[in-house]
Amino acid sequence: MDKVVSTAAAAVADVPDGATLAVGGFGLAGVPNVTIRALYERGTTGLGVVSNNCGAMESGLAVLLAAGRIARVTGSYIGANKEFARQYLGGELEVEMIPQGTLAERLRAGGAGIPAFYTPAGVGTQVADGGLPWRYDGEGGVALASPPKEVRDFDGTPYVLERGIRTDFALVRAARGDRHGNLVFNRSARNFNPLAAMAGRVTIAEVEELVEPGEIDPDQVHLPGIFVQRVLALTPEQVADKKIEKRTVSAPADRGTVAH
């Protein structure tokens, strides 16, 4: 039952070229930077990633993206990642963009053994009708477009059929975890990490605090260890290495002014 691995390199040692990965994180919160970096150092390439976004500020999946290691992205947000946009529009990267809630549910459904589900999100748009550019030809044309999806009426309302997602591996980051793989996530890091973990056939969790089995109250467990195969305890330096995507600072108050 002890799922702890000694190093990040050992945790990702069997991830082959061309593997599919579900990757947790939301913006810069809860991103499994250490195992992503280990994949980069290993030289793994041709990856298909499923994640809310593809990293930012030269961290997270942006490390693999900039190195040309990612072949396909299933996600819901490009944001300010200029390299992501450049590769997509240049025909170097295949991208399936889907509504954020649909992405979350596709990951959860895959992990729960549900092959598909119906949702109203995307009905009447190219999400359901097809035609979204998955890959450009590098000259402004569309080389590959999304196919149409089944739409079915329930009680007078149309719904589109979406497939659950399963991936070869999942990379996630948790605030606490025990040796059995039970995990606790901190605040917004809980958005996609549990869902990505459920979707992976082999899930690798890097944890900021490793505790012994029984130290986490069962009522506090956000993801049970049955979904986790490997646990990597981070060093204090790795835990402290957190970036701020957009720093905003309030103007200093005028101490000569009395507020009323």
Side-chain angles (χ1 to χ4, degrees), residues 1-16 19-42 44 47-53 55 59-61 63-64 103-104 107-108 110-113 165-242:
M1 291 292 290
D2 191 341
K3 301 176 181 179
V4 175
V5 293
S6 57
T7 65
V12 302
D14 60 345
V15 179
T20 55
L21 305 173
V23 182
F26 192 89
L28 299 184
V31 178
N33 286 308
V34 175
T35 43
I36 289 172
R37 174 62 65 173
L39 273 181
Y40 169 79
E41 292 174 351
R42 187 171 182 271
T44 311
L47 297 167
V49 301
V50 182
S51 185
N52 173 61
N53 57 71
S59 68
L61 287 172
V63 173
L64 295 171
L103 174 63
L107 288 166
R108 191 203 68 83
I165 292 175
R166 290 287 279 160
T167 58
D168 300 323
F169 293 84
L171 307 179
V172 300
R173 181 165 179 150
R176 300 181 76 204
D178 65 23
R179 293 180 178 273
H180 292 174
N182 298 302
L183 303 179
V184 178
F185 301 94
N186 187 34
R187 298 183 181 180
S188 59
R190 192 178 173 185
N191 284 347
F192 275 96
N193 271 301
L195 308 174
M198 291 174 67
R201 293 181 176 88
V202 175
T203 293
I204 304 163
E206 54 184 69
V207 300
E208 297 181 358
E209 179 187 3
L210 178 65
V211 300
E212 295 303 318
E215 290 189 44
I216 301 175
D217 185 326
D219 269 350
Q220 301 303 314
V221 172
H222 295 152
L223 185 81
I226 193 170
F227 290 108
V228 178
Q229 283 68 48
R230 298 169 196 167
V231 176
L232 174 69
L234 301 182
T235 66
E237 293 76 19
Q238 291 169 333
V239 172
D241 185 18
K242 296 180 179 179

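Keep in mind that this is a model prediction, so the values were computed, not measured.
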**Student:** Less than 4.5 Å apart, any side-chain heavy atom of Ile204 and any of Val5?
**Tutor:** no
**Student:** Are the side chains of Ser59 and Leu28 in touch, meaning some heavy atoms are under 4.5 Å apart?
**Tutor:** yes
**Student:** Any idea which heavy atoms bring Arg176 and Val211 closest together, and the distance?
**Tutor:** NH2-CG1, 3.4 Å
**Student:** Compare all side-chain heavy atoms of Leu183 with those of Phe227 and state whether any distance is below 4.5 angstrom.
**Tutor:** no
**Student:** Is there side-chain contact between Asp241 and Asn33, with heavy atoms separated by less than 4.5 Å?
**Tutor:** no
**Student:** Rounded to the nearest 0.5 Å, how far apart are CD of Gln220 and CG of Asn182?
**Tutor:** 12.5 Å
**Student:** Any chance you could measure Arg190, atom CZ, to Leu195, atom CG, to the nearest 0.5 Å?
**Tutor:** 10.0 Å
**Student:** Considering non-hydrogen atoms only, spot the tightest contact between Ala189 and Gly30 and give its length.
**Tutor:** CB-CA, 3.6 Å
**Student:** May I have the step-by-step check of salt bridge (Lys or Arg N to Asp or Glu O under 4.0 Å) for Glu208 and Lys242, ending in yes or no?
**Tutor:** CA-CA 12 Å; Glu208 297 181 358; Lys242 296 180 179 179; 3.2 Å; yes
**Student:** Could you tell me if the side chain of Val49 sits less than 4.5 Å from the side chain of Leu64, heavy atoms only?
**Tutor:** no
**Student:** Look up atom CG in Leu232 and atom OG1 in Thr35, then write down how far apart they are to the nearest 0.5 Å.
**Tutor:** 7.0 Å
**Student:** Assess whether a salt bridge exists between Arg230 and Asp14, defined as any Lys/Arg side-chain N lying under 4.0 Å from an Asp/Glu carboxylate O.
**Tutor:** yes
**Student:** Let me see the working for Arg108 and Met198 under side chain to side chain contact (heavy atoms under 4.5 Å, CB included), right down to the final yes or no.
**Tutor:** CA-CA 6 Å; Arg108 191 203 68 83; Met198 291 174 67; 4.2 Å; yes
**Student:** Are Val63 and Arg37 packed together at the side-chain level, in the sense that at least one heavy-atom pair is separated by less than 4.5 angstrom?
**Tutor:** yes
**Student:** Got His222 and Asn193 here, is their nearest side-chain heavy-atom distance under 4.5 Å?
**Tutor:** no
**Student:** What's the spacing between Leu21 CG and Asp168 CG if we round to 0.5 Å?
**Tutor:** 7.5 Å
**Student:** List the atom of Val239, the atom of Arg173, and the distance in Å for their closest heavy-atom pair.
**Tutor:** CA-NH2, 3.6 Å
**Student:** Locate the shortest heavy-atom distance separating Asn53 from Gly27; write the atom from each residue and the value.
**Tutor:** ND2-N, 3.2 Å
**Student:** Could you tell me whether the side chain of Leu61 reaches within less than 4.5 Å of the side chain of Ile36, counting heavy atoms only?
**Tutor:** yes
